[in-house]
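Encoded as structure tokens, the structure appears first; notes follow it.
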Amino acid sequence: MATKEEIKARKTDIGPPHYERFLHPIIKENYGKWKYHEILKPGVMVHVSEDEAKIWTVRAASPRLISTDFIRMICELADKYCDGYLRFTSRNNIEFLLADEANIDPLIADLGAADIPVGGIGKSISNIVHTQGWVHCHSAATDASGLVKAVMDELIDHFTKMDMPAKLRIALACCINMCGAVHCSDIAILGLHRTPPKIESHDRLRNICEIPSTVASCPNAAIRPAFIDGKKTVEVDEDRCMYCGNCFTVCPAMPIADPLNDGVSIWVGGKVSNARSAPKFTKLAIPYLPNNPPRWPEVTDAIKNIVGIYIKGARNYERLGEWAERIGWPKFFDLTGIKFTKYHIDDFKYAGTTYRRTTQIRG
Ligand code: SF4
Ligand code: SF4
């Protein structure tokens, strides 16, 4: 029987290796002993420990879907300037970790030569986190990397400069399964289907799908077992469908993608941070914008508009949701020129518990 030590030393493919193995030695030595950090210039910060140990971070953008050539290139830069240490943040920024301050500017120069922007720290927009989009996922209602590229091309100055009232986080998820952080970002781009799934053919459905698991896949009980031409299949109660696409994941004979009706919604005001106010979920701002690849002008214009008005109106360190709550959501809609529609009213059966129940009115 293997000893405890032998089991510990085993390499397996079950779960990721322990993160501690990959920490920079300065971080390992000062773990839990950090005194403060300071932003030195856009994209550059220093962490200082109780023992006055320092580690510098240079944050750079990544295109999120990255090639092996790109990975090799950033690893070479990490070998050259960072003793091989870099990491990715949860929003896919690349962070180079430097033990020597003298390496900061040469690293930034090399990143510049490779057209990789440096920034995204502090009062700026960081990399946009996104899901898989048309490249990978079967249930995408919009593209992820293409749309994010179009948005970030318009906002890149807010990545490389710290000219925002506070940090601004943008996320994209390409369907309402929301693999991305869209529920807790300042601005969220969320792809949505607007039509129920279509059964391609009952024969195909019978041959490739399990009827009980297809029925069970629907969170709204919109799928029922049925007999058509004397054979077992399913039918969809379209009035109950919320266009989530869950059934298509289980049964590929029920595609939901619809090039004419699928599109994008915009949500605002979420955050993960506990600073100054509690974490918040995003709220619906724009219920529908068309998919208009390759540059999605309607979506990029809408986001630029919200960002511009937020910059003009927010106080120092005020996150987008905090600003909207301070001025009041009706004012948010007035200032941004976004129409308030019936789609903004939550009609979920437990929505009443979330409604404002005070008689106090704020304009
Ligand atoms: Fe797929 Fe939806 Fe996740 Fe996008 S958000 S990757 S479409 S499950
Ligand atoms: Fe049910 Fe969602 Fe499929 Fe509609 S799209 S039938 S709600 S699983």
Side-chain angles (χ1 to χ4, degrees), residues 63-66 90-92 127-151 169-185 187-202 204-206 208-226 228 233-267 270 281-282 284 288-291 293 296 299 343 346-350:
R64 297 155 301 273
L65 294 182
I66 53 182
S90 56
R91 288 178 194 265
N92 310 128
N127 236 38
I128 300 181
V129 60
H130 72 65
T131 50
Q132 302 182 70
W134 290 331
V135 173
H136 281 300
C137 193
H138 57 264
S139 54
T142 189
D143 193 24
S145 41
L147 177 42
V148 162
K149 164 80 175 136
V151 170
R169 299 288 182 252
I170 305 181
L172 180 146
C174 36
C175 84
I176 60 171
N177 283 323
M178 298 206 309
C179 306
V182 290
H183 60 294
C184 58
S185 294
I187 298 181
I189 307 162
L190 177 60
L192 75 168
H193 300 290
R194 298 191 305 162
T195 46
K198 297 272 172 282
I199 297 171
E200 277 180 335
S201 105
H202 291 288
R204 181 164 146 78
L205 188 143
R206 253 189 307 277
I208 64 170
C209 309
E210 268 192 356
I211 289 175
S213 43
T214 306
V215 170
S217 71
C218 180
N220 276 8
I223 304 177
R224 290 189 291 245
I228 292 184
T233 181
V234 300
E235 64 186 6
V236 177
D237 178 350
E238 299 196 348
D239 287 342
R240 296 185 79 113
C241 178
M242 61 173 175
Y243 325 127
C244 67
N246 215 33
C247 48
F248 180 53
T249 306
V250 173
C251 176
M254 297 178 70
I256 191 166
D258 177 342
L260 283 184
N261 287 294
D262 290 350
V264 170
S265 56
I266 307 287
W267 301 67
F281 283 136
T282 44
L284 179 66
Y288 175 76
L289 292 168
N291 261 329
W296 282 269
V299 179
Y343 301 109
D346 188 352
D347 59 358
F348 179 58
K349 86 176 145 178
Y350 298 118

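What you see is a predicted model; the values in this text were computed from it and never measured. First listed ligand is number 1; within each ligand, the first listed atom is number 1.
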Using a 6.0 Å distance limit plus a 45 degree cone around the ring axis, check whether R194 lies over the aromatic ring of Y288.
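Yes.
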Atom indices of ligand 2, in the order listed, that fall short of 4.0 Å to a heavy atom of [X]:
X: I256; answer: 5 (S)
X: P219; answer: 8 (S)
X: N246; answer: 8 (S)
X: I223; answer: 6 (S)

Return the residue, atom name and 0.1 Å-rounded distance of the protein heavy atom closest to [atom].
atom: atom 7 (S) of ligand 2; result: M242 N, 3.3 Å
atom: atom 5 (S) of ligand 2; result: G245 N, 3.2 Å
atom: atom 4 (Fe) of ligand 2; result: C241 SG, 2.3 Å
atom: atom 1 (Fe) of ligand 2; result: C218 SG, 2.3 Å
atom: atom 2 (Fe) of ligand 2; result: C244 SG, 2.3 Å
atom: atom 3 (Fe) of ligand 2; result: C247 SG, 2.3 Å

Report yes if some heavy atom in the side chain of [X] is under 4.5 Å from a heavy atom in the side chain of [Y]; otherwise report no.
X: I189; Y: H130; value: no
X: P252; Y: I208; value: yes
X: I211; Y: L205; value: yes
X: L172; Y: L190; value: no

Side-chain H-bond candidate by donor/acceptor type, H138 with T249, under 3.5 Å:
yes
Judged by modelled atom types alone, do D258 and T195 share a side-chain donor-acceptor pair under 3.5 Å?
yes
Which ligand 1 atoms does [X] reach within 4.0 Å, using its non-hydrogen atoms?
X: A140; answer: 7 (S)
X: C137; answer: 1 (Fe), 6 (S), 7 (S), 8 (S)
X: M178; answer: 5 (S)
X: Q132; answer: 6 (S)
X: N177; answer: 2 (Fe), 8 (S)

Atom 4 (Fe) of ligand 1 to C174: any N/O/S contact under 2.8 Å?
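Coordinating: yes.
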Could you establish whether A221 and ligand 2 come within less than 4.0 Å of each other, counting only heavy atoms on the residue side?
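False for this residue.
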Is there a donor-acceptor pair closer than 3.5 Å between any side-chain N or O of [X] and the backbone N or O of [Y]?
X: N92; Y: V129; result: no
X: S201; Y: R204; result: yes
X: T131; Y: C174; result: yes
X: R240; Y: N220; result: yes

So, C179 and atom 3 (Fe) of ligand 1: N/O/S under 2.8 Å, yes or no?
yes
